[in-house]
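First listed ligand is number 1; within each ligand, the first listed atom is number 1.
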Amino acid sequence: MTRKFTTQILHADRSASIEHFAVHKPVHTTIAYGYPDADHLARVFKGEESGFVYSRQSNPTTAALETKITTMEDGLATACFSTGMAAIGSTFLALLKAGDHIVSSAYLFGNTNSLMGTIDTLGCQVSLVDATDVTQIEAALQEKTRLVFVETIANPRTQIADLAKIGELCREWGVLYVVDNTLTSPYLFQPKAVGASLVINSLTKYICGHGNALGGAVTDTGLYDWSRYPNIYDTYKKFEACYWGITQIRKKGLRDFGSTLTAESAHKIAIGAETLALRMDRACDNATALANFFSSHPAISKVYYPGLPAHPQHALSKTLFKRHGAIISIELTKGHDCFAFLNQLKLVILSSHLGDNRTLAIPVAHTIYWEMGATRRAEMGIDDSLIRLSIGIEDQQDLLDDFSQALTSAGSE
Ligand SMILES: *Cc1c(COP(=O)(O)O)cnc(C)c1O
């Protein structure tokens with residue numbers, strides 16, 4: 001019988017042979033592994049036997065976390081990285097060559113948007129289109145398109161990509177489909193269900209959840225046929241074809257570029273992952289209550305939250321995701337200064353992070369989206385007064401009280 005989400009994560013370590021019957025995978029801080037005989041060492045190097053050779057590439061504590069993420073995403077295999085950006089960057093650098101083309105969303109996470117610019121200067125052409133509209137993705141596809149990269153819920157305006165239709169399109173075209181699942185997390189959504197080939201998670205966000213470790217992961221869902229991908233190096237073709245992609249991402253991203261997750265961070269993330277479902281349910285409950293409160297508040301002119309019936313992709317969100325997530329963006333009515341409002345918050349923290357247990361707020365145009373300039377911000381629908389809120393797991397009434405008093409005080413100034 002297949003066990004459910006949280007049960008599987010809680011007991012994942014014990015399903016493998018574990019040192020001294022510990023209930024958690026221990027933290028292995030070793031860098032090197034000493035083999036008693038040369039044959040054994042050589043077999044591990046050649047990939048003929050499983051084992052560890054050097055912790056830049058693999059480590060038992062990280063491997064245990066990789067197994068958990070694979071379980072959470074119902075995937076085939078996972079490679080973990082030092083950060084979410086390292087996971088995305090390693091995937092691109094491992095799989096793309098100059099002359100390739102990729103299609104992505106115009107509403108990307110700021111740092112991923114910046115990375116797209118870097119990829120472009122390295123000789124890969126990037127088309128950024130409105131991913132809520134599958135016809136725009138379709139129109140952008142070319143003969144040399146290698147992959148389509150989309151996020152589930154866009155940050156900060158919460159647009160939802162037409163994930164299932166994009167999946168069908170990628171399957172028809174034989175194009176790799178990469179989905180960044182960070183804002184939903186595998187508890188709310190498994191991109192495999194819409195045909196994703198690779199799933200990216202920034203482990204720093206909901207999966208860790210406690211704001212105390214950085215990490216990223218790439219999971220191969222097993223759906224893509226790597227024998228048709230043109231950029232696999234011959235040396236990785238000796239394994240079964242289903243492992244070619246994740247092997248190349250691991251070898252390039254970890255061995256060559258060295259964007260390795262530390263064992264200490266892997267341990268903290270694994271502990272966080274145990275309560276992902278509990279935290280996510282609570283954060284989504286809080287987000288729903290706050291979105292409703294904001295919708296009827298006179299000081300707020302706009303509320304962006306997929307759980308509200310007025311959200312343009314509300315129906316899509318209901319079909320795709322278990323809950324509507326815990327990111328809300330708001331704009332204040334004229335006469336209300338967004339900095340004055342933020343300065344009145346007593347409980348909510350002014351911070352650029354998201355997916356934390358604590359509720360966080362940030363004026364995005366003045367901070368995380370400042371570098372890209374006013375023109376690009378206008379294209380992305382980011383108003384100067386837009387505030388992004390990452391809702392945490394505090395007691396609901398305390399959050400309602402804090403936002404309520406801040407809105408009242410900011411309005412009376
Ligand atoms: C934060 C984030 C990332 C990057 O993750 P880091 O761990 O901070 O490097 C990537 N994608 C999305 C959608 C994010 O929110």
Name the atoms and distances for all side-chain donor-acceptor pairs under 3.5 Å in residues 382-391, with sequence neighbours left out.
{"from": "Asp383", "atom 1": "OD2", "to": "Ser385", "atom 2": "N", "distance (Å)": "2.9"}
{"from": "Asp383", "atom 1": "OD2", "to": "Ser385", "atom 2": "OG", "distance (Å)": "2.9"}
{"from": "Arg388", "atom 1": "NH1", "to": "Asn155", "atom 2": "OD1", "distance (Å)": "2.9"}
{"from": "Arg388", "atom 1": "NH2", "to": "Ser352", "atom 2": "O", "distance (Å)": "2.9"}
{"from": "Arg388", "atom 1": "NH2", "to": "His353", "atom 2": "O", "distance (Å)": "3.4"}
{"from": "Ser390", "atom 1": "OG", "to": "Gly355", "atom 2": "N", "distance (Å)": "2.9"}

Taking Leu147's backbone N and O only, do any of them form a donor-acceptor pair with Thr145's side chain (distance below 3.5 Å, no angle check)? no

Between ligand 1 and the protein, tabulate every N or O atom pair separated by less than 3.5 Å, reporting distance only.
{"from": "ligand 1", "atom 1": "5 (O)", "to": "Ser202", "atom 2": "OG", "distance (Å)": "3.0"}
{"from": "ligand 1", "atom 1": "7 (O)", "to": "Gly84", "atom 2": "N", "distance (Å)": "2.8"}
{"from": "ligand 1", "atom 1": "7 (O)", "to": "Ser202", "atom 2": "OG", "distance (Å)": "2.8"}
{"from": "ligand 1", "atom 1": "7 (O)", "to": "Thr204", "atom 2": "OG1", "distance (Å)": "2.6"}
{"from": "ligand 1", "atom 1": "9 (O)", "to": "Gly84", "atom 2": "N", "distance (Å)": "3.1"}
{"from": "ligand 1", "atom 1": "9 (O)", "to": "Met85", "atom 2": "N", "distance (Å)": "2.9"}
{"from": "ligand 1", "atom 1": "11 (N)", "to": "Asp180", "atom 2": "OD2", "distance (Å)": "2.7"}
{"from": "ligand 1", "atom 1": "15 (O)", "to": "Lys205", "atom 2": "NZ", "distance (Å)": "2.8"}

Check Lys165 with Asp162, please: is the shortest side-chain N to carboxylate O separation under 4.0 Å? yes

Using 4.0 Å as the upper bound for N to carboxylate O, is an ion pair formed by Asp234 and Lys237? yes

Within a radius of less than 6.0 Å around CD of Glu371, do more than 12 heavy atoms belonging to other residues, nucleotides or ligands occur? no

Carboxylate-amine/guanidinium proximity below 4.0 Å for Glu19 and Lys25: yes

